[in-house]
Amino acid sequence: AARRFRLVPGRGQALLEIIADFVRSNVALMLLGNKNGRRFAPLLGTLFLGVLAMNLSGIIPGLNIAASSVVAVPMVFAALTYVTFIGAGIKEQGVGHFFVSQLMPPGLPKAMYLLITPIEFLSNFIVRPVTLTLRLLCNMVSGHLLLGMTFFGTTSLLLHLQASSTISLLTGAAMIVMTLFEVFVAVLQAYIFTILSAVYIKLSIEAH
């Protein structure tokens, strides 16, 4: 799309520019400030558009399953975020200062670090990528199951139980509602994933 940009945008280019500006202004610049926001806006835009595209594949006829409902896909996006926030933190603060700031919050009695440091390690370096993966995966799997039930139920009622045509109308309406709801969830999950990635980057490049 970027290779065919024009000064006067068409509809596709205008939509892409709106999305890119939304991520840049409302996620990158808002959470990371002007300097770091500009620096990480391309990555956050890529995450948003990538996750959104993988999510929306679940409602495309012929595919009918979101790529992000296969664990490898959200795991790759989570790994990209993981490597980015650790790399950005090390680059900004140095190796030693970064890990000290992440594992040893200042102002605590020294004895407390025996308890706090393992918790901080688990929270910052284990739980973050796992929750990014599972949040996206579980939402898209559950959406796929709901769509599958409404589509299968409608088809079964129409083909095999002709007497239940009235009920099939209800399940058909539910099918349309669930498809629209899945579009909403796909956009929302892409936004949440991008917001969390920006927050993790912010927590890495700024000392506590």
Side-chain angles (χ1 to χ4, degrees), residues 19-55 66-143 184-208:
I19 294 172
D21 184 63
F22 172 78
V23 175
R24 180 178 179 274
S25 302
N26 295 284
V27 179
L29 296 180
M30 185 178 70
L31 289 175
L32 299 172
N34 192 50
K35 177 184 174 183
N36 289 317
R38 290 174 180 271
R39 176 181 163 198
F40 289 103
L43 170 71
L44 296 173
T46 301
L47 286 173
F48 180 81
L49 288 169
V51 172
L52 180 62
M54 297 298 102
N55 291 351
S68 48
S69 65
V70 180
V71 68
V73 174
M75 191 180 294
V76 167
F77 284 115
L80 179 59
T81 297
Y82 185 70
V83 170
T84 300
F85 79 71
I86 291 177
I90 290 174
K91 182 178 179 181
E92 191 74 23
Q93 302 186 54
V95 177
H97 194 274
F98 169 71
F99 283 105
V100 167
S101 70
Q102 295 295 308
L103 300 177
M104 303 177 71
L108 294 175
K110 291 183 179 180
M112 285 293 293
Y113 289 119
L114 295 174
L115 175 64
I116 293 298
T117 298
I119 294 174
E120 290 291 314
F121 175 80
L122 184 67
S123 173
N124 295 337
F125 297 104
I126 304 298
V127 172
R128 283 181 183 178
V130 171
T131 52
L132 278 176
T133 300
L134 292 181
R135 180 183 290 107
L136 181 57
L137 175 70
C138 294
N139 275 283
M140 300 318 297
V141 167
S142 60
F184 169 74
V185 171
V187 176
L188 181 64
Q189 288 304 312
Y191 177 69
I192 291 172
F193 194 99
T194 308
I195 283 281
L196 289 174
S197 298
V199 168
Y200 294 158
I201 292 170
K202 180 182 177 69
L203 292 174
S204 293
I205 60 179
E206 296 180 4
H208 288 300

Please collect all side-chain hydrogen bond (donor to acceptor under 3.5 Å, both in side chains) contacts where either partner lies in residues 66-75, sequence neighbours excluded, each pair once.
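side-chain hydrogen bond (donor to acceptor under 3.5 Å, both in side chains) check on residues 66-75 returns Asn55-Ser68.
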What are the two closest non-hydrogen atoms of [X] and [Y], and how far apart are they?
| X | Y | value |
| --- | --- | --- |
| Ile86 | Phe98 | CA-CZ, 4.1 Å |
| Pro129 | Ala78 | O-CB, 3.6 Å |
| Ile126 | Val130 | O-CG2, 3.2 Å |
| Val51 | Ala190 | CG1-CA, 3.7 Å |
| Phe48 | Ile19 | CE2-CG2, 3.6 Å |

Report the distance from atom [atom1] of [X] to atom [atom2] of [Y], rounding to the nearest 0.5 Å.
| X | Y | atom1 | atom2 | result |
| --- | --- | --- | --- | --- |
| Ile195 | Met30 | CD1 | CE | 5.0 Å |
| Phe85 | Arg128 | CZ | CZ | 5.0 Å |
| Leu43 | Ile201 | CG | CD1 | 5.5 Å |
| Met75 | Leu132 | CE | CG | 12.0 Å |
| Thr84 | Ile205 | OG1 | CD1 | 11.5 Å |
| Leu47 | Phe77 | CG | CZ | 7.0 Å |

CZ of Phe22: more than 12 outside heavy atoms within 6.0 angstrom?
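Yes.
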Donor-acceptor contact below 3.5 Å, side chain [X] vs main chain [Y]:
| X | Y | answer |
| --- | --- | --- |
| Gln93 | Ser204 | yes |
| Tyr82 | Phe125 | yes |
| Lys202 | Leu32 | no |
| Thr131 | Val127 | yes |
| Tyr113 | Pro105 | yes |
| Thr117 | Met104 | no |

Would you sort out whether Tyr191 and Leu52 count as a side chain to side chain contact (heavy atoms under 4.5 Å, CB included), showing the intermediate values?
CA-CA 8 Å; Tyr191 177 69; Leu52 180 62; over 6 Å; no
Any side-chain heavy atom of Glu120 sitting closer than 4.5 Å to one from Gln102?
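They are not in side-chain contact.
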Are any non-hydrogen side-chain atoms of Val100 and His97 less than 4.5 angstrom apart?
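Counting from C-beta outward, Val100 and His97 never come under 4.5 Å.
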Just do the side chain to side chain contact (heavy atoms under 4.5 Å, CB included) check on Met54 and Leu136 with the steps written out, would you?
CA-CA 11 Å; Met54 297 298 102; Leu136 181 57; over 6 Å; no
For Arg38 and Asn34, run side chain to side chain donor-acceptor pair (under 3.5 Å): C-alpha distance rounded to whole Å, both residues' side-chain angles, the deciding distance at 0.1 Å, then the answer.
CA-CA 6 Å; Arg38 290 174 180 271; Asn34 192 50; 3.3 Å; yes
Could you walk me through whether Phe193 and Thr81 pass side chain to side chain contact (heavy atoms under 4.5 Å, CB included), step by step?
CA-CA 9 Å; Phe193 194 99; Thr81 297; 3.7 Å; yes
